[in-house]
2 protein chains.
Amino acid sequence: MDDARRPGMADGSEAVAALVSDAPPRYRTATEFVEATLRRGILSGRLPGGTPLRQEELARLFNVSRMPVREALRQLEAQALIDFVPHKGAVVTDISAEDAADNYAIRRALEPVAFTLSIPHLDAQDFARAEELIVELDSEQEPGRMGELNRRFHMSLYARAGRPRLLALTEQQLAAADRYVRFHLAAKGQEHMAQDDHRAMLAAARERNVERAVAVLLGHLDTAAATIDAFFREWAG
Amino acid sequence: MDDARRPGMADGSEAVAALVSDAPPRYRTATEFVEATLRRGILSGRLPGGTPLRQEELARLFNVSRMPVREALRQLEAQALIDFVPHKGAVVTDISAEDAADNYAIRRALEPVAFTLSIPHLDAQDFARAEELIVELDSEQEPGRMGELNRRFHMSLYARAGRPRLLALTEQQLAAADRYVRFHLAAKGQEHMAQDDHRAMLAAARERNVERAVAVLLGHLDTAAATIDAFFREWAG
DNA sequence: TATTGCTAAATTGGATCCAATCGACAAGTA
DNA sequence: TACTTGTCGATTGGATCCAATTTAGCAATA
């Protein structure tokens, strides 16, 4: 596998490697397939909080037996995306103003650390990728895609932090935030999801100005948190 | 269930609820049993990094079939305690100087937030519990128990943060730290695990001095991180 | 009327069986 | 010799079957 990336090969293995990496992402196991699909559904809001997840029904829909479904549910439980009660079943976790505040408190703690550690090591390629994602965000309309693009933009700025566990945790919390971002978009209208903040974060990172970058990030998170909190208080009581 | 906490009841349901919560923790399913036992084993160090976990062998040892074992392994995978590779099997995650640094970076981000939010709402009972745990730590000899007591002391100070997700995440990271604390103890000798810091944290919390409390906490974490880092560099290369 | 006890259907937990995959080693080929 | 290919044992992934638990509904009783 790694041989394919070894330089100096002239037997066409690079071309094959390119073909493989361009191939549609195949799931190696049924459990992976079920887990990834359900997670997308939950994070995108298509499976709202409170939705019961019946093992047999899911097995029928996915054309698998109940066992991979159960393993997938166990993993989603460990990620706090579903509540799993013995002999009762699994239910998509409810979201609330409190949960959103929790999520933002966690992100507010983690992301500045990741950003600070990452900024000194970001290179031109990283900046270019971040720039691309901002452009994509400008032209994206679909709310589901916007959440993913937003997550990838943030992660692109943290990628060089050199702390894999910290980054994994940050990405998980960013993904969880997708569930709330949808409300944010519904409240503020599709257009702006604080693209000004994004540009300012990227600019500060380019200048290696850690202090300013973190300040912008914190302001970005605080305004988002306030918007969503206001939304919940108005709509959900 | 919630009725038990509703004020104004005079039928003794609160006393019953207390009885239930004091009852010995029984495992409701085989999966819970396997998962909790394996996690204790990993966090306590009795299952060191690199240990292969064969499904059939575990099933035999636990006197269950392979299915609850597999579900337990899935949950441990989601907690980053084991690596689960399709068709290859599960292996206890390796720990390293880098992982320890990761863990401390995360705790350094999360715990000050939890502490800050919690301090204003801590009451006399909370302080008494924390004090008790300090005393227990003074007289405890067994390394495994010390890690647990340390975790419970920290959590007792964060308990009133009113952010359940943040607290759950913090506790998870504290539990993960147990794997490193054992090295800390091996390096510094059993006696002191920075009990001075613990007393100072409690004193500052009692005075509602958030700034000083957080400063002590950060110093506490930094010295622990430095000790463990030095230990890894000396012993594990 | 409200509570209790019982029964049956639905749903999940767990066990057993079969299929798919991986790793190591042997055999064949240049 | 070095490299590729085929085979076999070990292990895991997945399907099917049975047991245990929960819950809703209904009847009986105080």
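Each chain gets a letter, A, B and so on, in the order the sequences are listed, and its residues count up from 1.
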Going by the rule side-chain contact (heavy atoms from CB on, under 4.5 Å), which residues pair with A:Asn63 if we only count those two or more places apart in sequence or in a different chain?
none
Outer limits of DNA chain C sitting under 4.0 Å from a non-hydrogen atom of chain A, read 5' to 3', are C:dT11 to C:dC22
Could you check whether A:Glu71 pairs with A:Arg74 (Lys NZ or Arg NE/NH1/NH2 to Asp/Glu carboxylate O, under 4.0 Å)?
no
So, OP1 or OP2 of D:dT21: does either fall under 4.0 Å of a side-chain N or O from A:Lys88?
no
DNA chain D: A:Thr31 or A:Pro86, which has the more 5' nearest nucleotide?
A:Thr31
When you check the gap from the basic side-chain N to the acidic O, do A:Arg60 and A:Glu56 get nearer than 4.0 Å?
no
Reading DNA chain D from 5' onward, which residue's closest nucleotide shows up sooner: A:Arg66 or B:Arg28?
A:Arg66
With no hydrogens and no angle check, do the side chains of B:Arg39 and B:Gln79 hold a donor and an acceptor under 3.5 Å apart?
yes
Rounded distance (Å) that lies between atom C1' of D:dA10 and atom NE2 of B:His87:
13 Å
Need to verify one output field. Residue with the more 5' nearest nucleotide on DNA chain C, A:Met67 or A:Gly89?
A:Gly89
Please examine the side chains of B:Leu110 and A:Leu110, heavy atoms only from C-beta on, and report whether any two atoms are closer than 4.5 Å.
yes
Any side-chain donor near an acceptor of the partner, A:Gln55 and A:Arg66, under 3.5 Å:
yes
